[in-house]
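Because the structure is a prediction, the values reported are computed rather than measured. Side-chain atoms are counted along with the backbone in the values below, which use heavy atoms only and exclude waters and symmetry mates.
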Amino acid sequence: MKINLLSCDAQRPDRRAIAKCIVEISTGIDGGLANEFTDILLEGDPVDIELDDKNTGSALRALRKLDIDYEIVE
């Protein structure tokens with residue numbers, strides 16, 4: 001499943017936690033790329049990632065817990 005990470009609404013976003021979450025829920029993204037995606041997201045630009053289909057429910061819950069807005073692409 002593909003999703004767009006749209007924005008992070010947390011007052012004080014935790015960059016490390018966001019990057020770690022991206023690595024854990026996505027397929028084919030390592031720590032360095034996750035850090036870049038986190039910076040892009042926190043600057044206000046959307047990020048497109050591919051989720052592992054096995055744990056989409058827990059992945060979406062983890063994003064909501066970090067106050068990350070997303071939209072499901074497919």
Do [X] and [Y] share a hydrophobic cluster, counting only Ile, Leu, Val, Met, Phe, Trp and Tyr and linking them when any side-chain heavy atoms are less than 4.5 Å apart?
{"X": "I40", "Y": "I22", "answer": "yes"}
{"X": "L41", "Y": "V23", "answer": "no"}
{"X": "I25", "Y": "L42", "answer": "yes"}
{"X": "L6", "Y": "I49", "answer": "no"}

**OP:** Test I3 against L63 for side-chain contact (heavy atoms from CB on, under 4.5 Å), laying out the working first.
**Re:** CA-CA 11 Å; I3 64 169; L63 292 173; 3.5 Å; yes
Atom [atom1] of [X] and atom [atom2] of [Y]: how far apart are they, to the nearest 0.5 Å?
{"X": "N35", "Y": "D30", "atom1": "CG", "atom2": "CG", "result": "9.0 Å"}
{"X": "I29", "Y": "L51", "atom1": "CD1", "atom2": "CG", "result": "9.0 Å"}
{"X": "F37", "Y": "D48", "atom1": "CZ", "atom2": "CG", "result": "8.0 Å"}
{"X": "T38", "Y": "E43", "atom1": "OG1", "atom2": "CD", "result": "11.0 Å"}

Original post:
A19 and A34: which non-hydrogen atoms are nearest, and at how many Å?
Top reply: O-CB, 3.5 Å
Original post:
Where do I72 and M1 come nearest, in terms of heavy atoms and distance?
Top reply: CG2-SD, 3.8 Å
**OP:** Would you sort out whether D39 and R15 count as a side-chain contact (heavy atoms from CB on, under 4.5 Å), showing the intermediate values?
**Re:** CA-CA 8 Å; D39 291 339; R15 290 178 182 268; 2.5 Å; yes
Original post:
Should the heavy atoms of other residues, nucleotides or ligands under 6.0 Å from CZ of R64 be counted, would the total exceed 12?
Top reply: yes
**OP:** Give me the one residue out of L66, D14, I68 that meets side-chain contact (heavy atoms from CB on, under 4.5 Å) with C8.
**Re:** I68
